[in-house]
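Taking it in order: structure first as structure tokens, then the write-up.
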Amino acid sequence: MEKQPRLLCSELCVQRRPYEVILNCAILAWKDVQIGQKHTGRTIYGSVKAGSHCVPVCEIIAVQEKEDDSPCKDTGKWQKVPQSPVDCQHAFTVFYIERTRQHCWRCSNVTFHCSDQSLCLLWVQTIREQLGLLTNRPKRLLVYINPYGGKQRGKQIYDHKVAPIFSRATISTDVIVTERANHARDHLKTEADLKKYDGVVCVGGDGMFSEIMHGLVSRMQRDAGVDENSMEETLVPCGLRIGIIPSGSTDCVCYATAGSNDPVTSALHIVVGDSQPMDICSVHNEDSLLRYSVSLLGYGFYGDVLTDSERKRWMGPARYDISGVKTFLSHRYYEGTVSFLPAEGNLGTPRDKMQCLSGCGICRQTSSDRLVSKDEDSVSDAECRDTWTVIRGKFLAINAASMSCACPRSPKGLSPSAHLADGTTDLILVRKCSRIDFLRHLLRHTNKDDQFDHSFVEVYRVKQFRFTPRHQECDSEVDLRERESGAGGKRFLSQICREHRACGCMPSQSNWNCDGEILPYTAIQVRTPSIVPAEEEFSSSIQHDSSPERIISFTPHCSVSTMRSNEMLLI
């Protein structure tokens, strides 16, 4: 790597000790001069470890001038003789990001003292000039706070943990506390002046994020005259970024992308402008759009858990545990037909154990590679359009994961190798099995074992899929037979059996859980996006730091950018 020219180099004081402080375009570094002199005979590594510090400029939050409390004031007490060779009357403080365990970030600071005010001002001005060159950082944000989600601590989290960070980073905010369901979505679709903002921040859980995402995507399509209901339409990209401050029950989207559901970490990601593209799936029923999905589409087990938990909202987050146990004990299975178009090309498989992190081959694809793969995919799609794979059977669960769906209770998620922006979704089919076998499958979500290593579990990486419940297929077949034979009584009795379950029959159909919302239809068609380089640089590929510690996932600042079909960019 070519060495960056120095912008400034001075001997300043930190806690009354002399330090050599160096600033260039990439880093701010300071080294203890006294320790360096004591360890001149040691290796460079030992010296650095003993008294040297280095912070990338892109991770500096802010710098501010500070009046130093003079150590020479007569307080009538014994005072320690300063070790610094000069009296330092002026100071400035640099606030920067410090990494801690489990991908969490914290705001740390260091104060440099100097005797010359002009030198102090020069350092402050030069650092601010370098921060001003970081054009990906937001200057003004629109913030929506859900005061009811999770443990109802959204406003408290924002006021005490997030707002001070935004203020220190000189980010101006317009804050709206939502008063009802879909308040933020409706405001974004009709009233919000989006041209004033660099991004939208939601303080809440996965439901709040979904609400913001739907509002922005729908607004962009409406303004461009795009018909969202058509599966053949190309969606218009949206350059406005979305940030998430997690305060929900699970915070799956935030956890799966940032590796943490810590509000401070998310706020710091937003401040430095980190970005993460993500896929959006469009879910249709015949000729109408039902919803967009970014994380999980679940039919059967997860659909039943959500349906039952909605009746227990008064219980708070504990309702998911109770509904989960109840649904597991009921052990319901559902019949239907799943048809899908397999993903072609170099997109990996759901079982390749290649997580979407730094070093991931798919994530590191260049723009040219994506252009080539896009052309290849368009050809393969055309060739495979009539060769869909069709599977009929009895299923305990049908899940489609566009991301790993990791959360604190399931650190690896439903599909650990799912990629965030590869234009595919992982389709997981859990066939009818014993209750014990299904429990073994569920328990593997909480450990590192291969959860797909069961004879009754099938997983596919797909670009599109459809599902039709069995009773709809049967109804059409029965209608034809009854018109010929006139056997209407049997059809009438079967209809009563389906609608009135006092007879104890197994329910004929479940509900779809779409990112925590119940879909009104069971027969759906799902389209996943095709990756196309966006106009903005950060949306052409997933951006990860070379250091494995740093997962620059969208968590905080996610920017919704509906690429070609529907790809969303989170930063």
Side-chain angles (χ1 to χ4, degrees), residues 252 295-309 320-340 342 349-353 389-402 404-407 409-418 425-462 465-474 497-498 501 503-514 518-519 522-524 526:
C252 171
S295 56
L296 172 68
L297 270 168
Y299 183 83
F301 180 77
Y302 289 103
D304 291 346
V305 170
L306 179 64
T307 302
D308 187 75
S309 66
Y320 296 113
D321 296 330
I322 295 174
S323 296
V325 173
K326 178 181 176 181
T327 303
F328 170 77
L329 294 176
S330 66
H331 199 60
R332 294 172 179 170
Y333 64 87
Y334 303 94
E335 295 187 63
T337 301
V338 180
S339 54
F340 58 87
T349 68
R351 300 187 66 179
D352 57 17
K353 297 184 180 180
T389 301
V390 179
I391 298 176
R392 294 183 177 87
K394 300 175 181 179
F395 305 98
L396 288 172
I398 300 173
N399 303 320
S402 298
S404 67
C405 297
C407 66
R409 294 189 178 186
S410 178
K412 295 295 183 180
L414 294 182
S415 185
S417 297
T425 189
D426 289 351
L427 182 63
I428 305 167
L429 307 179
V430 183
R431 292 182 178 270
K432 179 185 175 183
C433 62
S434 68
R435 188 177 279 106
I436 294 298
D437 283 340
F438 188 53
L439 177 61
R440 289 168 51 216
H441 169 67
L442 293 178
L443 289 177
R444 290 198 176 186
H445 293 158
T446 63
N447 55 43
K448 297 182 180 180
D449 294 337
D450 184 359
Q451 58 209 42
F452 305 132
D453 188 22
H454 293 292
S455 59
F456 53 88
V457 178
E458 303 171 28
V459 59
Y460 307 91
R461 184 153 289 169
V462 305
F465 76 91
R466 302 171 185 147
F467 174 74
T468 306
R470 180 177 179 274
H471 76 88
Q472 291 192 11
E473 295 176 336
C474 291
C497 186
R498 263 200 310 270
R501 297 169 185 169
C503 61
C505 294
M506 183 71 68
S508 60
Q509 62 184 11
S510 177
N511 293 305
W512 280 99
N513 177 347
C514 179
I518 298 174
L519 296 183
T522 53
I524 63 172
V526 180

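All heavy atoms count here, side chains included; hydrogens, waters and symmetry mates do not.
- Between Val526 and Ile524, the closest side-chain pair of non-hydrogen atoms falls below 4.5 Å.
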**Message:** Could you walk me through whether Arg431 and Glu458 satisfy the side-chain contact (heavy atoms from CB on, under 4.5 Å) test, starting with their C-alpha distance in whole Å, then the side-chain angles of each, then the deciding distance to 0.1 Å, before giving a yes or no?
**Reply:** CA-CA 8 Å; Arg431 292 182 178 270; Glu458 303 171 28; 2.5 Å; yes
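- Between the CZ atom in Phe465 and the OG1 atom in Thr425 there is a gap of 6.5 Å [rounded to 0.5 Å].
- Listed by chain and number, the residues in a side-chain contact (heavy atoms from CB on, under 4.5 Å) with Thr327 are Phe301, Asp304, Val305, Ser330 (sequence neighbours excluded).
- Distance check, rounded to the nearest 0.5 Å: OH of Tyr299 to CG of Leu429 gives 13.0 Å.
- Residues Lys326 and Asp308 are paired through a salt bridge, judged by an N-O separation under 4.0 Å between the basic side chain and the carboxylate.
- Looking at heavy atoms from C-beta onward, Arg466 lies out of side-chain contact with Val338 at the 4.5 angstrom threshold.
- Summarising the geometry, atom OG belonging to Ser323 is positioned 9.0 Å from atom CG belonging to Leu306; distances are rounded to the nearest 0.5 Å.
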**Request:** Could you walk me through whether Asp453 and Arg351 pass side-chain contact (heavy atoms from CB on, under 4.5 Å), step by step?
**Result:** CA-CA 9 Å; Asp453 188 22; Arg351 300 187 66 179; 3.9 Å; yes
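- Shown here for Asn399 and Gly298, the closest heavy-atom pair between the two residues is OD1-CA, 3.6 Å.
- Of all non-hydrogen atoms in Ser309 and Tyr320, the two that sit nearest each other are OG-CE2, 3.8 Å.
- Distance check: Leu297 CG to Trp512 CH2 gives 6.0 Å after rounding to the nearest 0.5 Å.
- Residues forming a side-chain contact (heavy atoms from CB on, under 4.5 Å) with Leu443 (at least two apart in sequence, or on another chain): Leu439.
- Residues Ile518 and Asn513 have side chains not in contact (no heavy-atom distance under 4.5 Å, counting atoms from C-beta outward).
- Scanning for ring pair (Phe, Tyr, Trp, His ring centres under 6.0 Å) contacts around Phe395 gives an empty result, with sequence neighbours left out.
- Ring geometry for His441 against His445 counts as perpendicular: the plane angle is over 60°, on a 0 to 90° scale with 30° as the lower cut.
- At least one side-chain heavy atom of His331 sits under 4.5 Å from a side-chain heavy atom of Leu396.
- In this structure, CZ on Arg470 lies 14.0 Å from OG1 on Thr522, to the nearest 0.5 angstrom.
- When side chains are defined from C-beta on, Thr337 does not count as touching Ile391, because their heavy atoms never get closer than 4.5 Å.
- No side-chain heavy atom of Ser415 sits less than 4.5 Å from a side-chain heavy atom of Ser404.
- Leu414 approaches Phe452 most closely through the heavy-atom pair O-CZ, 3.4 Å.
- In this structure, Arg409 pairs ionically with Asp321, as a charged nitrogen and a carboxylate oxygen lie closer than 4.0 Å.
- Between the side chain of Gln451 and the backbone N or O of Gly413 there is at least one donor-acceptor pair closer than 3.5 Å.
- Heavy atoms from other residues, nucleotides or ligands lying under 6.0 Å from CD1 of Ile436 number 12 at most.
- Nearest heavy-atom pair across Ser295 and Cys405 is O-SG, 3.7 Å.
- For the atom pair OH of Tyr460 and OG1 of Thr349, the computed distance is 13.0 Å after rounding to the nearest 0.5 Å.
- Judged by distance alone, the side chain of Arg444 and the main-chain N or O of Asp450 form a donor-acceptor pair under 3.5 Å.
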**Request:** Show your reasoning for whether side-chain contact (heavy atoms from CB on, under 4.5 Å) applies to Ile428 and Ile398.
**Result:** CA-CA 6 Å; Ile428 305 167; Ile398 300 173; over 6 Å; no
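- Considering every non-hydrogen atom in both Cys433 and Phe438, the closest pair reads SG-N, 3.7 Å.
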**Request:** Run the numbers on Ser417 and Arg461 for side-chain contact (heavy atoms from CB on, under 4.5 Å), then give the verdict.
**Result:** CA-CA 10 Å; Ser417 297; Arg461 184 153 289 169; 4.3 Å; yes
